[in-house]
Amino acid sequence: MSQPPIVRTRFAPSPSGHLHVGGARTALFCWAYARKHGGKFILRIEDTDQKRSHDIAKLAFLEDLKWLGIEWDEGPVFQGCGGGDAGPYFQSQRLDLYHKYIEQLLEEGKAYRAFETTEELDVARKQAREGKKNYRYDRAALDTDADTREKWADEGKPHVVRFRVPDEGTNTVHDEVRGDVTIDATELDDFVIQKADGYPTYHFAVVVDDELMGVTHVIRAEEHLKNTHKHILLQEALGFRQPVFAHISVITNPDGSKMSKRDKDKALRKAYRVFVESNREKSVAGDEAFNAAIARWQEDRDCQLDWLDAEDLALSVGCHLPEINVDDFRRAGYLPEALINYLALLGWNPGGDLEKFTSDFLCKNFDFDRVQKSPAKFDREKLRAFNHDAIQALPADEFVRIYRNYWQTYFSGLYDLFTQRRGGHVFDILARANQARSKTLSDTINESYFFLEADDKIQYEKTKAVRKALVNGEPCGYDHLEAIIPELRKLLEWTVETIEKALKSYAETHADGKLGKVAQPIRIAVSGGTISPAIFDTLFILGRESVINRIERCLAHRNANV
RNA sequence: GACCCCAUCGUCUAGUCAGGUCCAGGACGUCAGGUUUUCAUCCUGAAAACAGGGGUUCGAAUCCCCUUGGGGUCGCCA
């Protein structure tokens, strides 16, 4: 009895910056499946496209995976992850391997060299489309005899290598999610396996690497289902084992279109067009390199801006880029455990009514039989609700740590200012006061600026709610403000507890026990509006001097108005 | 257009494989009340779906067929 091979799954992204949520879900499922079976999860970089740049920023998704807690056993070495004996894990470093197998197919007559140019093929495709015909490569290369083709190749004439597919029969993928998927052999044409630059195509590299790396389960998005037929043919031709396949459905936008990195580019192009049309005399300010990048981007519809440039431009033209990447959600103040939970549930569920679970649970329970076949729309509101629950579930100390870290990372200027003025321990109080009112870590950022404004710069909102809180009733809000100042002055200690005691006691005797009658005018006086953390926390954080200054100023404002 | 895949509330889904316990359950969102020092919460309640049509069967959300709708793919991208 032979042992079943140890489960080895892999996630194989192309190096293109940050990880988008669809990729994250695929990686999550690959990882969970490997963990469940005590196997290995491999990360492989599919960098066979020389047209794409290869700077290190393109590997930002390594950081994203780490942040999500998806750790790879083999692959690029990064922060304690990676390594392994089946490398190198960058396809661009494995060219000799691919060449060896290409030669093998060539010698066996299972592949051949073809000399058509891209332009010639484009014309043929266009003609087919116009004639409402299905395009299929016509094997024109085979019209030239083999010796001539070898001679051309020796002379260095640019060419590709095509795989010769069977002329008849059917091809079946046994898919763990979808069952058997069969197509007719005539649906496939002789696809390219080696490009003119000598690099293998995706199809070829994937098949060779999965074999050499001992991959047992290929879990990937549905967009690859059709490719799988090609991969099976290659595996058969090369005498490779066939892994188990599982194709998961794509994640879509609310309008049903595939959620993709391009969505950001689309949104940006649209906003930029509007900006240029309405600001003819103004241009987007930037340094030379930035402007050059914009120009290139405008010339080529297929070109996408570097993500840093994209964010700069979005800021300049007032465009909110849709959150697509894991990092977008991280910046927006989502917790990794919430994103993981939500993503996992988008396409898989443990059955019954259970929705909330950890990645640990996923690793124990994930299997293909509960993977959804249909595409799932990405619902930001539900993600937000999940994030809210995740934040509320955090112990206070842990929330403070995460909240501080979030400010330091994404709002460092604000954080430094706050801690300089009020001190690090007061930031803790702010964090604690904000936990209950946060659905994301960023929710309370905008509502924290008033703490740092100069006392005499507070602007009072001119809304009904504000007026009502200040002037309605007898005594009115202004009257309470006047009366509360001495109460605050005489406190021996300025703590959340002493403030609470003083305000409650005042409300008891002067406002029929209705704290709101007193709290709301104070809130307006110190913040300018009706939104702040709990009033006792707010006053403590602000400090006694500022509180009294602001209340007095508010009262002066009343007199000026009367 | 061709090929392939899919189809339960607005959304994610349970139930489908082993037909009856389902006039279809949960969650997000929505709406209506309530609690609360504001915002955010929290509590209670409500509206909300088996795409349509044929079969099979005593019985169909569940099995079969057709139609319709949605998605994916059709690159020297991955």
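Letters A, B, ... mirror the listed sequences (proteins, then strands); counts begin at 1.
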Considering only the C1' atoms, how many Å lie between rG59(B) and rC4(B), rounded to the nearest integer? 35 Å
Could you state the atom-to-atom distance from CZ of Arg370(A) to C1' of rU16(B) in whole Å? 11 Å
Could you work out, with side chain to side chain donor-acceptor pair (under 3.5 Å) as the rule, every residue matching Asp138(A), not counting sequence neighbours? none
Applying side chain to side chain donor-acceptor pair (under 3.5 Å) to Glu187(A) and not counting sequence neighbours gives none
Whole-Å distance, Asp379(A) CG to rU11(B) P, equals 10 Å
Rounded distance (Å) that lies between atom C1' of rG71(B) and atom NE2 of His247(A): 15 Å
Show every salt bridge (charged side-chain N to carboxylate O under 4.0 Å, His left out) that has at least one partner inside residues 503-522 of chain A, sequence neighbours left out. Glu500(A)-Lys504(A)
Looking at residues at least two apart in the chain, or sitting in another chain, which of them share a side chain to side chain contact (heavy atoms under 4.5 Å, CB included) with Leu212(A)? Arg94(A), Leu97(A), Tyr101(A), Val208(A)
Partners meeting salt bridge (Lys or Arg N to Asp or Glu O under 4.0 Å) with Arg467(A) (sequence neighbours left out): none
Protein-nucleic acid N or O pairs under 3.5 Å, nucleotides 3-7 of chain B:
{"residue": "rC3(B)", "atom": "O4'", "partner": "Glu187(A)", "partner atom": "OE1", "Å": "3.3"}
{"residue": "rC3(B)", "atom": "O2", "partner": "Lys226(A)", "partner atom": "NZ", "Å": "2.8"}
{"residue": "rC5(B)", "atom": "O2'", "partner": "Arg178(A)", "partner atom": "NH1", "Å": "2.5"}

As a test of reading the structure: which of rU38(B), rU73(B), rC12(B) is closest to the side chain of Thr530(A), going by heavy atoms? rU38(B)
Could you give the distance separating rG53(B) and rA7(B) at their C1' atoms, to the nearest angstrom? 16 Å
Rounded interatomic separation in angstrom, taking CD from Gln435(A) and C1' from rC42(B): 15 Å
Please classify the nucleic acid contact of Ala376(A) as base, sugar-phosphate, or nothing, using heavy-atom distances under 4.0 Å. sugar-phosphate
Under the salt bridge (Lys or Arg N to Asp or Glu O under 4.0 Å) rule, collect the residues that match up with Glu46(A), sequence neighbours excluded. Arg44(A)
rC12(B) versus rU21(B) - spacing of their C1' atoms, nearest Å: 26 Å
Is there a side-chain polar atom (N or O) of Asn349(A) under 4.0 Å from OP1 or OP2 of rA14(B)? yes
OP1 or OP2 of rC39(B) versus the side-chain N and O atoms of Lys439(A): is any pair under 4.0 Å? no
Distance test, side-chain N/O of Arg25(A) to OP1/OP2 of rC12(B), below 4.0 Å: no
Residue Gln520(A), side-chain heavy atoms: nucleotide from rU37(B), rG75(B), rG25(B) that is nearest: rU37(B)
Tell me whether Arg149(A) contacts the main-chain N or O of Tyr112(A) through its side chain, where contact means a donor paired with an acceptor under 3.5 Å. no
Whole angstrom value for the distance that separates P of rA40(B) from CG of Leu430(A): 18 Å
Assign Tyr342(A) to base, sugar-phosphate, or nothing according to its heavy-atom contacts below 4.0 angstrom with the strands shown. nothing
Return yes if the base of rU37(B) and the side-chain atoms of Arg523(A) contain a donor-acceptor N/O pair under 3.5 Å, otherwise no. yes
Would you mind reading off the distance between Phe386(A) atom CZ and rG26(B) atom P, rounded to a whole angstrom? 16 Å
Salt bridge check, Asp197(A) against Lys51(A): does any charged N sit closer than 4.0 Å to a carboxylate O? no
Could you tell me whether a side-chain N or O of Tyr403(A) sits under 3.5 Å from a main-chain N or O of Arg432(A), the two making a donor and an acceptor? no
Select base, sugar-phosphate, or nothing to describe what Gly529(A) touches, counting heavy atoms under 4.0 Å on all strands. nothing
When the C1' atoms of rU36(B) and rC43(B) are compared, how many Å lie between them, rounded to an integer? 11 Å
CD of Glu381(A) versus P of rA40(B): gap in Å, rounded? 13 Å
List every contact pair, protein side and nucleotides 76-78 of chain B side both N or O, where the distance is under 3.5 Å.
{"residue": "rC76(B)", "atom": "OP1", "partner": "Arg125(A)", "partner atom": "NH2", "Å": "3.0"}
{"residue": "rC76(B)", "atom": "OP2", "partner": "Arg125(A)", "partner atom": "NH2", "Å": "3.2"}
{"residue": "rC76(B)", "atom": "O2", "partner": "Ala196(A)", "partner atom": "N", "Å": "2.8"}
{"residue": "rC76(B)", "atom": "N4", "partner": "Glu116(A)", "partner atom": "O", "Å": "2.7"}
{"residue": "rC77(B)", "atom": "OP1", "partner": "Lys51(A)", "partner atom": "NZ", "Å": "3.0"}
{"residue": "rC77(B)", "atom": "OP2", "partner": "Lys195(A)", "partner atom": "NZ", "Å": "2.6"}
{"residue": "rC77(B)", "atom": "O2'", "partner": "Asp49(A)", "partner atom": "OD2", "Å": "3.2"}
{"residue": "rC77(B)", "atom": "O2'", "partner": "Arg52(A)", "partner atom": "NH2", "Å": "3.0"}
{"residue": "rA78(B)", "atom": "OP1", "partner": "Thr48(A)", "partner atom": "O", "Å": "3.4"}
{"residue": "rA78(B)", "atom": "OP1", "partner": "Thr48(A)", "partner atom": "OG1", "Å": "2.6"}
{"residue": "rA78(B)", "atom": "OP1", "partner": "Lys195(A)", "partner atom": "NZ", "Å": "2.6"}
{"residue": "rA78(B)", "atom": "OP2", "partner": "Tyr202(A)", "partner atom": "N", "Å": "3.1"}
{"residue": "rA78(B)", "atom": "O3'", "partner": "Glu46(A)", "partner atom": "O", "Å": "3.3"}
{"residue": "rA78(B)", "atom": "O3'", "partner": "Glu46(A)", "partner atom": "OE1", "Å": "3.2"}
{"residue": "rA78(B)", "atom": "N6", "partner": "Asn227(A)", "partner atom": "ND2", "Å": "3.2"}

Less than 4.0 angstrom from a charged side-chain N to a carboxylate O is my criterion; do Asp443(A) and Arg437(A) meet it? no
Using the closest heavy atom to pick a nucleotide of RNA chain B for each, name whichever of Asp389(A) or Phe536(A) lands nearer the 5' end. Phe536(A)
So which nucleotide does rA60(B) pair with, by the Watson-Crick or G-U wobble rule with both distances under 3.5 Å? none
Do you know which of Arg380(A), Lys264(A), Lys261(A) makes salt bridge (charged side-chain N to carboxylate O under 4.0 Å, His left out) with Glu323(A)? Arg380(A)
Pairwise C1' distance, rG29(B) and rU38(B) [rounded to whole Å]: 24 Å
Under 4.0 Å between any heavy atoms, over every strand shown, what does Lys356(A) touch: base, sugar-phosphate, or nothing? Just pick one. nothing
Residues which pass side chain to side chain donor-acceptor pair (under 3.5 Å) with Asn227(A), listed by chain and number, not counting sequence neighbours: His224(A)
Lys382(A) side chain: which of rA40(B), rA27(B), rU37(B) is closest? rA27(B)
Dump the pairs, protein N or O against N or O of nucleotides 44-50 of chain B, anything under 3.5 Å, distances to one decimal.
none

Under the side chain to side chain donor-acceptor pair (under 3.5 Å) rule, collect the residues that match up with Ser438(A), sequence neighbours excluded. none
Now, which nucleotide makes the Watson-Crick or G-U wobble pair with rA48(B), with each of the two distances under 3.5 Å? none
Find the distance Leu481(A):CG to rU38(B):P and express it as a whole number of Å. 17 Å
If I pick the P atom on rA14(B) and the same atom on rA32(B), what distance separates them, to the nearest angstrom? 31 Å
Under 4.0 Å, counting only non-hydrogen atoms across every strand here, what does Ile535(A) touch: a base, just sugar-phosphate, or nothing? base
Nearest to the side chain of His388(A), which nucleotide is it out of rU37(B), rU41(B), rA14(B)? rU41(B)
Listed by chain and number, what are the salt bridge (Lys or Arg N to Asp or Glu O under 4.0 Å) partners of Arg296(A), not counting sequence neighbours? none
Pairing nucleotide - rG10(B), Watson-Crick or G-U, each distance under 3.5 Å: rC28(B)
